[in-house]
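This report concerns only the one structure given below.
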Amino acid sequence: MQSDSPQRQDVTPVLVLNDRDNVAITRRLIAQGELLGSSAVAKGSIPAGHKVAIRPIKLGEPVLRYGQIIGFATKQIEPGAHVHLQNMALGDFDKDYAFGTDARQTDYVDAPATFLGFRRPDGRAATRNYVGILSSVNCSSHVANVVADVFKKNPFTGVDPLAEFPNVDGVVALTHKTGCGMTGGEPLNLLRRTLGGYARHVNFSHVIVLGLGCEVNQIGGLLDDQRLVGRVRSMDIQTMGGARKTVAAAVEFVREVLRDSNQVARQPIPASELIVGLQCGGSDGLSGVTANPALGAASDMLVRQRGTVILSETPETYGAEHLLTRRAISREVGEKLISLMDWWDAYFKREGAVMNDNRSPGNMAGGISTIVEKSLGAMAKGGTTNLVEVVKYGETVKGPGLVFMDTPGYDPVSATGQVAGGANLICFTTGRGSVFGCKPAPSIKLASNTAMYQRMKDDMDVNCGEILSGNETVEECGKRIFDLILRIASGERTKSEEFDFGAAEFAPWVLGATV
């Protein structure tokens, strides 16, 4: 659907999301004096995606959006006034976790959808077919990148080393800044769990791990801990006799496996075997109105196919977790989520920060006033189905259904955990215009508003701003996203893939002291 298509119906300048709300969301830039509805008049210029009071809000009274508390008025707010940082703030309020009270039986479809994927020898389904190069430590990162660069297409001459391997999507090096100068225990375990998840990832046909030799994250320990012995090739620079010799040997390994990697063909595979990571970044006030609910509708469609979706970004669920616990299939699952919130609350306090600081300048410029408002909008990506499990960062995800993974809100770190957990595709919503890729999983970018979509067409895959203009319902946009998920899983390239995003964004979560 084109963004300049005729509007289906006349639309008001503001959108009221719930009958309980005392604020509305501006569809576009509002001029001072503009009529906002039956009675309220804008008291000043209000940017698109921001909040405007639709009835009086007294000092200390809750500000309601989505029918939920997003903060409290710090002064008297009159109808027509811009509601944002200058007159509202986060406050404490009770939440009713009501574990499992909203859990319902999932209405599975009778005629499953399919995509064209790669069937691995172990039975798993891949959406892409890469050869992977992982580094155990930052000290081997350059060597890993040099090896991968040997197999990149030359942009000046057009020479493509992979031209004779049409079923191979690429050779990618995924490197990081840790692996040594770190403590053992959970920091090391978390790194190894992440690397192990990537080493086993279904979108890799073959993997080689490169190390230096003297790092804390010893390759032998990594392979033993993650049960990778015999599954991946490994080399360390010191044993190989230096960087040049390691590059030569690793390049030879890749050349050996490329022909084998190419011996695959796409075949019809049920949509139930898709595991989709849900991300949002560079959010604005419209993300929770358009892109996130539309992705939530697509998530519900995939779950009804017996597929799996992963909701993450724990700090961006803060204040909205009580809505997820109500959908938990058991009290045990719901309490796992609450224990994560307790951990993060203690973590923020230990670092001298507060949870409400988890809003970027872009978030606030886009109209998001508090972390609870951000969380309520972000949570919409997960749709309406039951919460079936809560897992650790990078832990293997087992569906079907909606799974919550503990991750930071920072997109590269969060998505890295989801892919380590098995996500074979990522859907990423943005309002301000985040650019992102996540090799070896393709990343679909969903724009919350038409203006940004048109400005950044080379980076965006879907314009969810059609919802705001009245040209499309949330469900219709969700169906469009679901159909695109199947096409991307079948090999159609995303905008981020066309620009070769996805290697530099690999970012394992770093915990503990640097020593």
Side-chain angles (χ1 to χ4, degrees), residues 103-120 122-128 197 200-203 266-280 291-312 324 327-329 333 379-391 395-405 414-415 417-429 438 440-444 446 461-462 474-492 494:
R104 299 290 183 269
Q105 184 173 345
T106 303
D107 183 21
Y108 295 115
V109 300
D110 294 327
T114 62
F115 68 98
L116 295 176
F118 300 110
R119 180 68 73 186
R120 296 301 190 194
D122 63 4
R124 294 182 299 159
T127 61
R128 293 295 184 269
R200 289 186 295 270
H201 198 278
V202 68
N203 284 1
R266 290 186 178 272
Q267 58 181 283
I269 294 176
S272 60
E273 298 190 50
L274 287 173
I275 304 174
V276 177
L278 311 174
Q279 286 290 320
C280 59
N292 289 346
L295 180 53
S299 297
D300 285 349
M301 293 174 195
L302 183 58
V303 170
R304 287 197 290 271
Q305 296 279 341
R306 291 181 169 82
T308 303
V309 295
I310 310 171
L311 186 64
S312 299
L324 276 177
R327 292 157 50 191
I329 59 170
V333 169
M379 197 182 71
K381 302 190 301 293
T384 62
T385 60
N386 297 338
L387 176 65
V388 301
E389 186 57 282
V390 175
V391 299
E395 189 175 359
T396 300
V397 170
K398 297 177 182 178
L402 170 64
V403 176
F404 190 91
M405 176 182 285
S414 180
Q418 291 178 331
V419 175
N424 49 20
L425 192 146
I426 298 289
C427 284
F428 192 120
T429 70
C438 203
S443 175
I444 299 174
L446 312 172
D461 297 290
V462 178
V474 168
E475 283 294 321
E476 288 169 342
C477 189
K479 179 61 165 61
R480 191 154 56 96
I481 295 168
F482 176 74
D483 291 342
L484 180 60
I485 287 173
L486 296 179
R487 298 202 310 272
I488 296 298
S490 299
E492 182 177 318
T494 67

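Note that the coordinates shown come from a computational prediction; the quantities given were computed from them, not determined experimentally.
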Salt-bridge criterion met for Asp122 and Arg124 (N-O under 4.0 Å):
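So Asp122 pairs with Arg124 through a salt bridge.
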Salt bridge check: are Asp483 and Arg487 linked by an N-O gap of less than 4.0 Å?
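A salt bridge is absent here (no side-chain N lies under 4.0 Å from a carboxylate O).
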Run the side chain to side chain contact (heavy atoms under 4.5 Å, CB included) check on Val403 and Val388 step by step: do they pass?
CA-CA 6 Å; Val403 176; Val388 301; 3.8 Å; yes
Straight-line distance of [X] [atom1] to [Y] [atom2], nearest 0.5 Å:
X      : Y      : atom1 : atom2 : answer
Cys427 : Leu446 : SG    : CG    : 5.5 Å
Asp300 : Asp107 : CG    : CG    : 11.0 Å
Arg327 : Thr385 : CZ    : OG1   : 6.0 Å

I'd like to check [X] versus [Y] (side-chain heavy atoms, cut-off strictly below 4.5 Å). Are they in contact?
X      : Y      : value
Glu492 : Leu484 : yes
Leu311 : Leu387 : no
Ser299 : Leu402 : no
Phe404 : Glu389 : no
Thr127 : Phe115 : yes
Asn203 : Pro442 : yes

Output a table of donor-acceptor pairs, distance under 3.5 Å, between side-chain atoms of residues 267-280 and any protein atom two or more places apart or on a different chain; print 'none' if there are none.
residue : atom : partner : partner atom : Å
Glu273  : OE1  : Arg119  : NH1          : 2.6
Glu273  : OE2  : Arg119  : NH1          : 3.2
Glu273  : OE2  : Arg119  : NH2          : 2.9
Gln279  : NE2  : Ser414  : OG           : 2.7
Gln279  : NE2  : Gln418  : OE1          : 3.0

I need the minimum non-hydrogen distance between [X] and [Y], along with the two atoms involved.
X      : Y      : result
Ala328 : Val333 : CB-CG1, 4.1 Å
Pro400 : Thr308 : CA-OG1, 3.4 Å
Arg480 : Val462 : NH1-CG1, 3.8 Å
Arg128 : Ile488 : NH1-O, 2.8 Å
Ala297 : Gly478 : CB-CA, 4.0 Å

Are any side-chain N or O atoms of [X] and backbone N or O atoms of [Y], one a donor and one an acceptor, separated by less than 3.5 Å?
X      : Y      : value
Asn292 : Met379 : no
Arg120 : Ala126 : no
Ser443 : Cys438 : no
Arg306 : Tyr108 : no
Arg304 : Thr106 : no

Partner set under ring pair (Phe, Tyr, Trp, His ring centres under 6.0 Å) for Phe428, not counting sequence neighbours
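By the ring pair (Phe, Tyr, Trp, His ring centres under 6.0 Å) rule, Phe428 matches Phe436.
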What verdict does the side chain to side chain contact (heavy atoms under 4.5 Å, CB included) test give for Ile481 and Ile444, after you've listed the backbone C-alpha separation in whole Å, the side-chain angles of each residue and the deciding distance to 0.1 Å?
CA-CA 9 Å; Ile481 295 168; Ile444 299 174; 5.7 Å; no
